[in-house]
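One structure is given below, encoded as structure tokens.
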Amino acid sequence: MSTSLEHLAAVAAAGVPGLAPVAVGPSPDDDADFRSAVVVDAAGRRWRVRSPLSPEASVRLETEHLVLRSFTPAVRSRLPFLVPTAAGSVAHGDLHAFVHSHIEGAPLDIDALARMAAEPDPEHHRHVPSADPPPTLTVQLGRLLAAIHALPPALVLDADLPGYTAEQCRLRRVAELRRAAATQRVPAALLHRWEGVLEDRDVWRFEPRVVHGDLQEDDLVISRGRVRGVTGWTDLHVGDPAEDFAWLLAARDARLAEGVLGAYAAACRRTSFQAPDREPDPHLLDRARLDAELALAQWLVRAVDRGADDLVADAEQMLATLEQDVARLPDPAQGAGAPEHPAEPSVPNGDQRPRPAGGTERSRPASGPESPRPAGGPQGSRPANDPDSPRPASGPDSPRPVDGTEGSHRAGAPEGPAPAGAPGPLPGRTRREGTEGPAQGRSTTS
């Protein structure tokens, strides 16, 4: 299947009756499994089209499409954020491309989210039509997770999606640990640490909930300090709510995970239909930390299975770094509770890290936020370093008219600021059944 921007625009037109594309631009995604674009139609509406590069990726998109179709208006009304709407699909041999509505905004990296949570920008709330102060990002994230976990399990089970008991969740982690140990490449201290958590039955006493299952910062659509939408619904299931907290532990500021958990618990105490009917169990962050650390072992197993010696070496190096970090922390076998003031994790290689218990990998292009630039119209007056400034039409990521011609483009950036200095494609952030890149990054011990 062709994956040029123009072809993806044609796919959108074929998948959504009446859609007449007038502009198309790149959209951040996992370059190993998908090609994506944001298409603007003649009415100014935006659509996101995702085309798989393998049968496995196609199955994942089909699952997400099924999930989004199961989000009825009644279900969506329970959520304090937007969810994409499934609009159409196009078959191409054994693969299927899918078209969803596009949510305006842009993802931020984990540390940018932590900074925004710690120091809200007053400019983001100047035009909020309310006498009450808007909730902080920490509170928004806590309420977001509570709303997902309060969804009825029938939503998942009726769609024939997986459901796991607490014991089944534990046994799945045990199986992952055994596969990692079989490589004989995981430090013994880490195996001992993880075994201690898995053998402590108190840690695994929790009420299974509907969980996103693959939540990461890339799945949060942020605009003006607000979480406008959540994407990436390929792994929705009933399971351990800790899975949706693991990504928070990668932030340099440990207060982010603690603050979000506090906001989550507060939402539960309000006894609203937008939150679970009981507070989180005391070991939720312990299991989240286990998930985040096991992500490195899962990457090692995949690298060994593929015979990728360079990736195996990368995974071994990161496991060694993790071993050094956990050596400074209490042994979980002597009590799985997190320390009151956790040590600051080391940063072995910048902001790149594995996705806890991840699936497909997604990376942002160097072009920044996912926003096509409609053809025609004057260019706005912007500073030269403004991340939303239009690039020359010859640039590799330049959005273009769908007829393939190049000309002037006016900025069509999402409302709100784009992430400053948006990184290029990030290797090594793997999701469930991930495929590419060494899992480089800071450890999640805290």
Side-chain angles (χ1 to χ4, degrees), residues 32 109-111 173-200 216 246-254 257 285-336 338-339 341-358 361 363 423 425-446:
D109 67 63
I110 185 69
D111 289 317
R173 298 294 177 263
V174 170
E176 292 169 3
L177 177 62
R178 289 175 177 170
R179 286 195 293 270
T183 66
Q184 299 184 342
R185 296 173 182 269
V186 180
L190 293 181
L191 294 176
H192 175 69
R193 172 182 172 83
W194 299 335
E195 287 169 353
V197 178
L198 289 167
E199 291 173 0
D200 187 341
Q216 297 293 329
W247 66 281
L248 294 164
L249 297 171
R252 288 185 176 92
D253 190 345
L285 284 186
D286 301 318
R287 298 192 307 278
R289 187 171 295 108
L290 175 67
D291 272 2
E293 293 177 8
L294 275 176
L296 285 172
Q298 293 166 5
W299 173 252
L300 172 67
V301 170
R302 288 192 285 269
V304 169
D305 288 345
R306 294 175 187 137
D309 294 340
D310 54 339
L311 301 185
V312 169
D314 288 335
E316 288 181 318
Q317 179 181 0
M318 287 178 289
L319 286 167
T321 301
L322 177 61
E323 180 186 23
Q324 295 171 5
D325 289 342
V326 302
R328 301 193 298 266
L329 302 176
D331 186 343
Q334 299 175 0
H341 299 289
E344 179 73 12
S346 65
V347 186
N349 194 9
D351 288 340
Q352 301 170 9
R353 61 194 178 284
R355 290 183 178 273
E361 166 192 331
S363 57
L426 301 180
R429 301 202 298 167
T430 60
R431 295 189 176 201
R432 237 173 282 280
E433 305 303 330
T435 54
E436 281 293 324
Q440 306 263 3
R442 63 172 129 327
S443 71
T444 55
T445 58
S446 52

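Positions are given from 1, in the same order as the sequence printed here. Note that the structure is predicted; figures quoted are calculated from it, not measured. Below, all heavy atoms of this structure are taken into account, side chains as well, without hydrogens, waters or symmetry copies.
Side-chain atoms of Arg193 and Arg289, non-hydrogen and from C-beta on, do get closer than 4.5 Å to each other. Between Val197 and Arg173, every side-chain heavy-atom pair lies at or beyond the 4.5 Å cut-off. With a 4.5 Å cut-off on side-chain heavy atoms, Val186 and Leu300 count as touching.
Taking CG from Asp200 and CD from Glu195, the interatomic distance works out to 13.5 Å, rounded to the nearest 0.5 Å. Atom CG of Leu322 is separated from atom CD of Gln317 by 12.5 Å, given to the nearest 0.5 angstrom. Rounded to the nearest 0.5 Å, atoms CG (Leu177) and CD (Gln298) are 10.5 Å apart. A distance of 8.0 Å separates CG in Leu290 from CH2 in Trp194, rounded to the nearest 0.5 Å. Atoms CD and NE2, on Glu199 and His192 in that order, are 9.0 Å from each other to the nearest 0.5 Å. Note that OG1 of Thr321 and CD of Glu316 are 12.0 Å apart. Values are rounded to the nearest 0.5 Å.
The minimum heavy-atom distance between Ala257 and Leu249, with the atom names listed, is CB-CD2, 3.8 Å. Shortest non-hydrogen contact noted between Glu176 and Leu294 is OE1-CD1, 3.9 Å. In plain terms, the two heavy atoms of Leu319 and Ala297 that are nearest each other are CD2-N, 4.2 Å. In plain terms, the two heavy atoms of Ala303 and Leu311 that are nearest each other are CB-CB, 3.8 Å. Residues Ala292 and Ala246 approach most closely at CB-O, 4.1 Å, considering heavy atoms.
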